[in-house]
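Contents: one structure, followed by commentary.
Ligands are counted one by one from 1 in listed order, and the atoms in each one are counted from 1 as well.
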Amino acid sequence: MQLGMIGLGRMGGNIVRRLLRDGHTAVVYDRDPKVVEALAAEGATAASSLEDLVAKLEAPRTAWVMLPAGQITEETVIALGGLLSADDCIIDGGNSFYQDDVRRARDLDAKGIHYVDVGTSGGVWGLERGYCMMIGGHKEAVDRLDPIFRTLAPGLGEIPRTPGRDGRDPRAEQGYIHAGPSGSGHFVKMIHNGIEYGLMQAYAEGFDILRHANSPEIPEGRRFDLNLGDIAEVWRRGSVVSSWLLDLTAAALAGDERLEGFSGYVEDSGEGRWTINAAIEEAVPATVLSSALYRRFRSREDESYADKLLSAMRQGFGGHKEPPRRGPAP
Ligand SMILES: NC(=O)c1ccc[n+]([C@@H]2O[C@H](COP(=O)([O-])OP(=O)(O)OC[C@H]3O[C@@H](n4cnc5c(N)ncnc54)[C@H](O)[C@@H]3O)[C@@H](O)[C@H]2O)c1
Ligand SMILES: O=C(O)[C@H](O)[C@@H](O)[C@H](O)[C@H](O)COP(=O)(O)O
């Protein structure tokens, strides 16, 4: 099948590569001509603009947008909407806010253009492992794009089949679902990322406690100098907390247990915040996910005004002086 790809960064470039490997064809555009040239050398057709990309696609056309979410994606979807015709399809595979999808799908529907939102997970490993996809849109469009999704998905692989799923939609165990109408794909991906924050935070805190088990504050007879790399490794094998995030943790600790290459400033791209907004709207308690999000905010402050205020109040009511700040653990 033929696909137009706009945005050839860490995700879009490898998605195209995985499609080319499986016999699909691609017309590719990025504002950076160097990445366009690189993919053209691997067999894609280069486009020099959105107009050129649309002109090089055969009808009914499919254009996959894999750009930074927000304004850039919004402008590109609007521009494509002006260039494409009825029965063409726009896919947004980035981490867009699901309410934007609902609006865009409604606007494009008026022109007969399909809009499909694809929450895409797998990061830079997707080329080899495949991408887990959570898809929203009209059945007609999603079914038409099935050859693309089938190639991009991981497939059954070595994961044992879940008992009791016979007769259910086989796409889920291949690594993709049609979640529902437009917006639902990104809604599911949003919650996936909210969970991602919580899981990451749980591992981070657990390993931090292990690391401080030799702290001078612990009575001497029960201090432990633990090998975190080995603990991460052994937990990967048969333990209850094994997971891909733990695999990545083990790899990071094997490389440099002191994590010297990181400052610990943890960004967020929005999905965690939207997850909490959804929880509030639904009145669903999301204590772990909220606290993981707030911990990221705290990670960006060397000195916290709130913490200073805590110290000031404590000193005020009890005369408690701040002890000298302890340095980082060895
Ligand atoms: N990196 C990940 O692990 C990951 C995983 C899943 C989803 N996503 C989402 O996928 C989308 C793309 O992520 P990425 O990691 O590939 O980003 P990236 O920054 O690696 O790549 C973005 C690409 O878009 C190009 N670009 C920017 N503005 C453009 C414009 N106006 N027109 C054409 N090209 C333009 C850039 O030159 C770059 O090549 C984002 O929405 C992101 O949230 C990322
Ligand atoms: O499932 C995935 O492949 C990741 O979740 C992916 O979507 C990406 O790495 C996030 O955008 C990072 O999100 P934050 O910047 O919010 O941590």
Side-chain angles (χ1 to χ4, degrees), residues 4-18 27-39 44 46-54 63-80 83 90-98 100-101 117-135 152-154 175-176 185-201 203-204 243-245 247-248 262 264-277 289 292-297 299-300:
M5 177 64 76
I6 300 126
L8 307 173
R10 287 164 292 186
M11 295 297 289
N14 279 346
I15 288 174
V16 168
R17 288 185 183 95
R18 193 166 165 97
V27 183
V28 295
Y29 170 65
D30 191 289
R31 68 173 177 195
D32 177 357
K34 283 201 289 297
V35 292
V36 177
E37 277 165 37
L39 267 172
S48 55
S49 63
L50 281 185
E51 291 77 3
D52 189 30
L53 176 128
V54 169
W64 182 310
V65 179
M66 206 58 184
L67 294 171
Q71 199 54 30
I72 294 177
T73 294
E74 180 71 18
E75 286 167 8
T76 305
V77 169
I78 290 171
L80 281 171
L83 295 167
I90 298 174
I91 300 172
D92 177 9
N95 280 336
S96 290
F97 184 42
Y98 76 98
D100 291 335
D101 298 316
D117 51 292
V118 180
T120 313
S121 184
V124 290
W125 299 72
L127 175 60
E128 299 307 331
R129 288 169 50 115
Y131 301 90
C132 169
M133 287 165 292
M134 297 137 262
I135 304 164
L152 293 179
Y176 62 112
H186 278 145
F187 187 86
V188 176
K189 177 68 184 355
M190 171 182 87
I191 305 304
H192 168 281
N193 280 34
I195 293 171
E196 184 177 289
Y197 285 28
L199 291 172
M200 290 169 72
Q201 188 63 31
Y203 285 120
S243 73
W244 190 43
L245 284 171
D247 297 348
L248 298 173
F262 298 91
Y265 184 111
V266 188
E267 267 291 10
D268 75 294
S269 336
E271 307 259 359
R273 301 180 192 215
W274 304 332
T275 297
I276 304 312
N277 287 341
L289 309 197
L293 173 68
Y294 293 145
R295 188 62 192 83
R296 287 193 181 201
F297 298 159
S299 80
R300 299 168 201 166

Close side-chain approach of [X] to [Y], heavy-atom, < 4.5 Å:
X	Y	result
Asn193	Thr275	no
Gln201	Tyr294	no
Ile276	Tyr197	no
Asp117	Tyr98	no
Arg17	Leu39	yes

Give the atoms of ligand 1, by number and element, whose distance to some non-hydrogen atom of [X] is under 4.0 Å.
X	answer
Met66	10 (O), 12 (C)
Gly123	3 (O)
Gly94	9 (C), 10 (O), 11 (C), 41 (O)
Tyr29	33 (C)
Thr120	6 (C), 7 (C)

Distance from [atom] to nearest protein heavy atom, with residue and atom:
atom	result
atom 38 (C) of ligand 1	Asp30 OD2, 3.4 Å
atom 41 (O) of ligand 1	Leu67 O, 2.8 Å
atom 21 (O) of ligand 1	Gly9 CA, 3.2 Å
atom 22 (C) of ligand 1	Pro68 CD, 3.9 Å

Name each N or O atom in ligand 2 that is under 3.5 Å from a protein N or O, and give the partner atom and the distance.
residue, atom, partner, partner atom, Å
ligand 2, 1 (O), Ser121, OG, 2.5
ligand 2, 3 (O), Ser121, OG, 3.4
ligand 2, 3 (O), Gly122, N, 3.0
ligand 2, 3 (O), Gly123, N, 3.4
ligand 2, 5 (O), Asn193, OD1, 3.2
ligand 2, 5 (O), Asn193, ND2, 3.1
ligand 2, 5 (O), Glu196, OE1, 2.6
ligand 2, 5 (O), Glu196, OE2, 2.9
ligand 2, 7 (O), Asn95, ND2, 2.9
ligand 2, 7 (O), Lys189, NZ, 2.7
ligand 2, 11 (O), Asn95, ND2, 2.9
ligand 2, 15 (O), Ser269, N, 3.3
ligand 2, 15 (O), Ser269, OG, 2.3
ligand 2, 16 (O), Tyr197, OH, 2.5
ligand 2, 16 (O), Ser269, N, 2.8
ligand 2, 16 (O), Ser269, OG, 3.3
ligand 2, 17 (O), Arg296, NH1, 2.7

Between Tyr203 and Ser243, a side-chain donor and acceptor under 3.5 Å: yes
Taking every non-hydrogen atom, the tightest pair across [X] and [Y]:
X	Y	value
Val36	Ala46	CG1-CB, 3.5 Å
Leu8	Asp30	N-OD2, 2.7 Å
Val65	Thr73	CG1-CG2, 4.1 Å
Pro154	Arg18	CA-NH2, 4.1 Å
Asp52	Ala47	OD2-CA, 3.2 Å

Proximal candidate to atom 28 (N) of ligand 1 [heavy atom criterion; set Met11, Arg10, Arg31, Glu75]: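 The option holding the nearest heavy atom is Arg31.
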Heteroatom proximity flag, Asn95 to ligand 1, N/O under 3.5 Å: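 Yes, at least one N or O pair falls under 3.5 Å.
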Distance-only N or O hit between ligand 1 and Ser121, under 3.5 Å: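 Min N/O separation from ligand 1 is not below 3.5 Å for Ser121.
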Ligand 1 contacted by Val35 (non-hydrogen, < 4.0 Å): no
Sub-4.0 Å heavy-atom approach of Ser269 to ligand 1: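 For ligand 1, residue contact (heavy atoms, under 4.0 Å) with Ser269 is absent.
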Residues Ser96, Asp92; criterion side-chain hydrogen bond (donor to acceptor under 3.5 Å, both in side chains); working and verdict: CA-CA 8 Å; Ser96 290; Asp92 177 9; 2.4 Å; yes
Residue portion contacting ligand 1 (non-hydrogen atoms closer than 4.0 Å) for Ile72: side chain
Parallel, tilted or perpendicular, as decided by the 30° and 60° cut-offs, for the rings of Trp274 and Phe97: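 Phe97 vs Trp274 ring planes: tilted.
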